[in-house]
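Chain identifiers are assigned alphabetically (A, B, ...) following the order of the sequence lines, protein sequences preceding nucleic acid strands; residue numbering begins at 1 within each chain.
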Protein chains: 2
Amino acid sequence: MLDKDEVKETIVNVARHIFSRFGFKKTTMDEIAIASRKGKSSIYYYFASKEEIFQAVVEKEASILKAELIKANLEAVSPAQKLKMHVLARMHTMEKLANFYSAIKDDYLSHLDFIEKIRKKYDQEEIQMMENILVEGVQNGEFEIEDTSLAAIAIVTALKGLEIPLFWGMEEKDLEHRLDNVIHILFHGVVKR
Amino acid sequence: MLDKDEVKETIVNVARHIFSRFGFKKTTMDEIAIASRKGKSSIYYYFASKEEIFQAVVEKEASILKAELIKANLEAVSPAQKLKMHVLARMHTMEKLANFYSAIKDDYLSHLDFIEKIRKKYDQEEIQMMENILVEGVQNGEFEIEDTSLAAIAIVTALKGLEIPLFWGMEEKDLEHRLDNVIHILFHGVVKR
DNA sequence: TATTCGACCATTTTACTTATTTAGTCGAAT
DNA sequence: ATTCGACTAAATAAGTAAAATGGTCGAATA
């Protein structure tokens, strides 16, 4: 017997899959209901509206990224390795999640406020994770950073900048090349004085 | 008496202005003709099609950026200053050109091939400009870079990543903050060993 | 009590037809 | 060499009726 939250999660996963094909507008509640093997009204028992399901999917996407980043962090041992793993895990996870963002391209503007809200929240968390890595590296003697807080913001900002072309379905093939560049910047810097 | 190329340039400038409001599809040749104070057929005397005008506008946008970068380069004296001026000039120019790219959002996919072609060409030139700055800095003793070629690609890639949010009309207010981060990365590096 | 369901409604979207606009042409005028 | 008005075929917008869709409700089920 599944409890309420488990059913909700199942529905969210099903919806995530469907939204990833043709976006928000072109997905119907009937589709979600059928794919969830439920009556439409049952879906409405768990979620108040299509919008609410959509928002749950967006949160799910964000939490998947977060989970992958935490996993990468735990697997790596040294701070330098953590940094590298973070960058790689982030980009490869975003590559997977890109389906969804690419599909909701047309619906993006009408959900901008919510999506930005979620992303800002998770950005803060990512910056915090990054700063922890950097602080550990400094204590470790592996890194030499003046302002870890600013550096964390700089790195996460750069990573966010890199992910966007992914969403719009361009230049995916260039991902590895871009990653090399980013890691090169982070590890060797570009201009040393 | 204006010669042919001057008239063409006038038309392109007028068209650039009009395309920047509502994009490609929602702009009519009659509008362009009226705004150019010409008959529609006269426009067709100078350009074979609406598409051709549009492409000329795209090239114009790219060449404006290039001109601004060259100007910034000439004004700065030291390589470090050139680097900083390049970044600032690029972002502030892109902020101005963002109108256009923001307006053609809906038409972007149908002109993707041409736009990408133009951008790739100018990217190459920008990377070359950047490498010249870096090489000069190394000779100067101001910079210490292992691979100036790779560094140039890395910097330009990072700048390109940063410009995209601008096109979609988001986070413009964060531009200065983002710029600070980028300059911080470039000048101080992030992780020094 | 917690959950599922079918029947139902108001609103939105689609499919289709018709009217208008638009990209592009052509021959004459300057 | 350049401009223009009149013209056409094709694309787009406007209008409308039919279908689909988001969401509700009360009864049924477990």
Nearest whole angstrom, please: distance from the [atom2] of [N] to the [atom1] of [X].
X: A:Phe47; N: D:dG22; atom1: CZ; atom2: C1'; answer: 16 Å
X: B:Phe24; N: D:dT12; atom1: CZ; atom2: C1'; answer: 14 Å
X: B:Asp30; N: D:dA6; atom1: CG; atom2: P; answer: 14 Å
X: A:Phe54; N: D:dG23; atom1: CZ; atom2: P; answer: 14 Å
X: A:Asp5; N: C:dA2; atom1: CG; atom2: P; answer: 14 Å
X: A:Ile18; N: D:dT21; atom1: CD1; atom2: P; answer: 13 Å
X: A:Phe22; N: D:dT21; atom1: CZ; atom2: P; answer: 13 Å
X: B:Lys38; N: D:dA1; atom1: NZ; atom2: C1'; answer: 13 Å

Under 4.0 Å between a Lys/Arg side-chain N and an Asp/Glu carboxylate O for A:Glu31 and A:Lys26? no

Got a salt bridge between A:Lys160 and A:Asp123, using NZ or NE/NH1/NH2 to carboxylate O under 4.0 Å? yes

Given side chains that start at C-beta, do those of A:Leu150 and A:Ile145 come closer than 4.5 Å, heavy atoms only? no

For the residue pair A:Glu125 and A:Tyr122, establish whether any side-chain heavy-atom pair is separated by less than 4.5 Å. yes

Just do the salt bridge (Lys or Arg N to Asp or Glu O under 4.0 Å) check on B:Glu75 and B:Lys82 with the steps written out, would you? CA-CA 8 Å; B:Glu75 282 173 0; B:Lys82 280 181 184 173; over 6 Å; no

For C:dT30, the Watson-Crick or wobble partner whose two distances fall under 3.5 Å: D:dA1

Shortest non-hydrogen pair, B:Lys50 vs B:Thr27, comes out as NZ-O, 2.8 Å

Return a single string for nucleotides 24-30 of chain C, one symbol per nucleotide in 5' to 3' order, where B is base contact, S is sugar-phosphate-only contact and - is none, cutoff 4.0 angstrom on heavy atoms. BBB----

Under 4.0 Å between a side-chain N or O of [X] and OP1 or OP2 of [N]?
X: B:Tyr46; N: D:dT3; value: yes
X: B:Tyr45; N: D:dT3; value: no
X: A:Ser42; N: C:dC5; value: yes

Between A:Phe19 and A:Phe24, what is the ring plane arrangement, given parallel below 30°, perpendicular above 60°, and tilted in between? parallel

A:Lys25 or A:Gly39, whichever maps to the more 5' nucleotide of DNA chain C: A:Gly39

Which is true for B:Ser36 with a 4.0 Å heavy-atom rule: it touches a base, it touches only sugar-phosphate, or it touches nothing? nothing

